[in-house]
> 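Shown below is the structure under consideration.
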Amino acid sequence: MAPSFRAAGLAGRRLFALSARPERTVASKRPTLMRGLRLLGVSLLALYVAAVGVGVVAETLPWSPAMIVALALAQATPVILVIYRPIAAWWLSLLAALPYLILVGLSAEPVADEAFWPWSVAGIVAHLFVAVLVAYQVPPPVYLAQWLITAVVALAAETIFTGRAQINNGLVLSGLYAVGLAGVAIARWLRDVRRELRHQVGLTERERSQRTVLEERTRIARELHDVVAHHMSVIAVQAEAAPYRVSGLDPAATESFASIRQNALAALTEMRQILGMLRSDQDSGDRYAPQPTLADLDQLFDNCRSAGLTLKTGIRGDVRDLPEQVELIAYRVMQEALSNVIRHAPGADVEVDVAYGPAELDLRVANSPSPAAGRLSPVVAAGHGLTGMRERAAVLGAGLRAGRRDDGWYEVAMSLPVERR
């Protein structure tokens, strides 16, 4: 029963929310031709209600002109007020009909038998117009309660003011009111159907777009697998088989083949994770694990030394855990910079500096000119490595500097902010 009581309480509050404004969409807040026509229409209807009210009351009762005009304006005001304060307009249209009902009911003067009572023509038009507009904006319990109040007023008038010659038109008003509410219910249902249809169309478009993206990512993943996985697997197998096929290898060569195999397998593992990311449209932390961090730099340095680099490293500052994104970007940039040295400056001396600052992480990778003729820097035969490093740095709003120094060395430097963004 508790939900029913809460619903009844909510409906009661809405029924007496005199300051409530009508619901407006974004489009309705802008001046449009439709808004202008709506205001013009209600203004003309208000003038009609006022004019009819003056004529009906003047013919029905011998009141003073001031009373007649005041009553006519009171009946016409809700017609305009409904577009600004719908609940207040409904109550005003009901209250504005009561003076005519009461004064005609108590009048000692003879009243024509054909006169409308307890609702005047102007009162019927104004109340029905306001009631239908309000019903389109409020929940069904509210507009049903309004209809019931209107019917109770007509019934009370018939009960209190007995012996009148005029036929009570409260039943007529209640019937017209009910027909209007039925039309409103149908219109609201059609409105909800259109909204749901637009919502479903939007979901379908988004799903189609996501499916297109996923299909493209799957195609890219398939191409990557066909192009890279086969060759990396062959490298790993050949590196593993080489010590058995060539007899008399010294320990350094055997260790070098083992390092080649280990790096090939590591590359295959990371590539499978990336392919899994491309093939899925769901965000799951498991697909990103394990992601390298700055704690894995020692292993990266050992791999570079096994490839023939003379590597000198330095780590300064307060070594601590940084945000995951910062550590991943720093590791990838360091990995790409050292890979460029291996590819384009084999045998070069390399200096790596990692500095932990209070609000930034500074990275520097510098390599000497290569002993191999014609290959003096990591970007002489430039591919996409430097572009990728710049893009990774831009994720955190950092800049990357790359170029030759005055002493002939080539240097890549970057400063990453460590705050989470």
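Atom set for the values below is all heavy atoms of this structure, side chains included, hydrogens, waters and symmetry mates excluded.
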> Supply the atom-to-atom distance M334 CE to T313 OG1, rounded to the nearest 0.5 angstrom.
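Taking CE in M334 and OG1 in T313, the distance rounds to 9.5 Å.
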
> Atom CZ of R401 and atom OG of S415: how far apart are they, to the nearest 0.5 Å?
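If I round to the nearest 0.5 Å, the distance is 7.0 Å.
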
> Between the side chain of W91 and the main-chain N/O of F16, is any donor-acceptor distance below 3.5 Å?
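Pair absent, no side-chain N/O of W91 close to backbone of F16.
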
> Report the residues that fulfil side chain to side chain donor-acceptor pair (under 3.5 Å) with E327, sequence neighbours left out, ordered by chain and then residue number.
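Partners of E327 by the side chain to side chain donor-acceptor pair (under 3.5 Å) criterion come out as none, since no residue qualifies.
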
> If every non-hydrogen atom of R320 is compared with every non-hydrogen atom of P358, which pair is closest and at what distance?
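Scanning both residues, the minimum pair turns out to be NH2-O, 3.7 Å.
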
> What distance separates Q299 CD from C304 SG, expressed to the nearest 0.5 Å?
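Nearest 0.5 Å value for the CD-SG distance: 11.0 Å.
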
> To the closest 0.5 Å, what do you measure between CG (L396) and CD1 (I329)?
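The distance works out to 4.0 Å.
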
> Are any side-chain N or O atoms of T204 and backbone N or O atoms of Q200, one a donor and one an acceptor, separated by less than 3.5 Å?
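Judged by distance alone, yes, a pair lies under 3.5 Å.
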
> According to salt bridge (Lys or Arg N to Asp or Glu O under 4.0 Å), does anything in residues 351-360 pair up with another residue at least two apart or in another chain? List the pairs.
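Only R316-D353, E351-R364 qualify under salt bridge (Lys or Arg N to Asp or Glu O under 4.0 Å).
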
> Listed by chain and number, what are the salt bridge (Lys or Arg N to Asp or Glu O under 4.0 Å) partners of D302, not counting sequence neighbours?
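Partners of D302 by the salt bridge (Lys or Arg N to Asp or Glu O under 4.0 Å) criterion, ordered by chain and then number, come out as R305.
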
> Is L400 close to L386 at the side-chain level, that is, under 4.5 Å between some pair of heavy atoms?
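Counting from C-beta outward, L386 and L400 do come under 4.5 Å.
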
> Test your reading of the model: is there a side-chain donor-acceptor pair from N169 to the backbone of W119, 3.5 Å cut-off?
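A pair under 3.5 Å: yes.
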
> Who pairs with D321 by salt bridge (Lys or Arg N to Asp or Glu O under 4.0 Å), at least two apart in sequence or on another chain?
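Expected list: none.
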
> Sequence neighbours left out, what passes side-chain contact (heavy atoms from CB on, under 4.5 Å) with I315? Give chain and number order.
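Applying side-chain contact (heavy atoms from CB on, under 4.5 Å) to I315 gives V319, V354, Y356.
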
> Where do L181 and A135 come nearest, in terms of heavy atoms and distance?
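Nearest heavy atoms, L181 then A135: CD2-CB, 3.5 Å.
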
> So, using side-chain contact (heavy atoms from CB on, under 4.5 Å) as the criterion, who are the partners of L37 when residues are at least two apart?
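Expected list: L33.
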
> Taking the side chain as C-beta and beyond, is there a heavy-atom pair between V365 and N340 under 4.5 Å?
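The answer is no, as the side chains (C-beta and beyond) never meet within the 4.5 Å cut-off.
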
> Taking side chain as C-beta onward, heavy atoms only, is L44 less than 4.5 Å from Y48?
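Heavy-atom side-chain distance check fails, nothing below 4.5 Å.
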
> H199 versus L203: any side-chain heavy-atom pair under 4.5 Å?
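In short, these two side chains touch, coming nearer than 4.5 Å.
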
> How far apart are the closest heavy atoms of L71 and P99, and which atoms are they?
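Looking at all heavy atoms of both residues, the shortest contact is CD1-CB, 4.0 Å.
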
> Taking the side chain as every heavy atom from C-beta outward, state whether E158 and P118 have any atom pair closer than 4.5 Å.
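Not in contact.
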
> For residues 120-133, dump all side-chain donor-acceptor pairs below 3.5 Å to protein atoms at least two apart in sequence or in another chain.
from	atom 1	to	atom 2	distance (Å)
S120	OG	Q75	NE2	3.4
S120	OG	G123	N	3.1
H127	ND1	S93	OG	2.9
H127	NE2	T150	OG1	3.1

> With sequence neighbours left out, write down each residue that passes side-chain contact (heavy atoms from CB on, under 4.5 Å) with E207, or none if nothing qualifies.
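Once residues adjacent in sequence are excluded, E207 has no partner under the side-chain contact (heavy atoms from CB on, under 4.5 Å) criterion.
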
> Without placing hydrogens or testing angles, list every side-chain donor-acceptor pair under 3.5 Å for residues 140-147, not counting sequence neighbours.
from	atom 1	to	atom 2	distance (Å)
W147	NE1	S174	O	3.1

> Flag the pair V333 / L416 as yes when at least one side-chain heavy-atom distance between them is below 4.5 Å, and no otherwise.
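Heavy-atom side-chain distance check fails, nothing below 4.5 Å.
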
> So do the side chains of F301 and V350 get within less than 4.5 Å of each other, counting heavy atoms only?
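No. Closest side-chain heavy atoms not under 4.5 Å.
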
> Output, in order, the C-alpha distance, side-chain angles, deciding distance and verdict of side-chain contact (heavy atoms from CB on, under 4.5 Å) for W409 and D349.
CA-CA 9 Å; W409 284 48; D349 295 330; 4.2 Å; yes

> Identify, with sequence neighbours excluded, every residue that meets side chain to side chain donor-acceptor pair (under 3.5 Å) alongside D407.
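Only R405 meet the side chain to side chain donor-acceptor pair (under 3.5 Å) criterion with D407.
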
> For V134 and I87, what are the C-alpha separation, side-chain angles and deciding distance, and is it a side-chain contact (heavy atoms from CB on, under 4.5 Å)?
CA-CA 7 Å; V134 172; I87 300 297; 4.0 Å; yes

> Just to verify, what does R85 make a salt bridge (Lys or Arg N to Asp or Glu O under 4.0 Å) with, not counting sequence neighbours?
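With neighbours one apart ignored, the set is empty.
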
> Rounded to the nearest 0.5 Å, how far does CD of E336 lie from OH of Y331?
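Y331 OH to E336 CD: 12.0 Å, rounded to 0.5 Å.
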
> Test of understanding: with side-chain contact (heavy atoms from CB on, under 4.5 Å), list the residues that count as partners of R211, not counting sequence neighbours.
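Expected list: R208, E215.
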
> Can you tell if the side chain of L300 reaches within under 4.5 Å of the side chain of L297, non-hydrogen atoms only?
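Side-chain contact under 4.5 Å: yes.
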
> What are the two closest heavy atoms between P369 and G408, and how far apart are they?
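Closest approach of P369 to G408, heavy atoms only: CG-O, 3.7 Å.
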
> Taking atom OH of Y177 and atom CG of L148, what is their separation to the nearest 0.5 Å?
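CG of L148 is found 10.0 Å from OH of Y177.
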
> Taking all non-hydrogen atoms of both residues into account, name the closest pair between P86 and A20 and its distance.
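Minimum heavy-atom contact is CD-O, 3.4 Å.
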
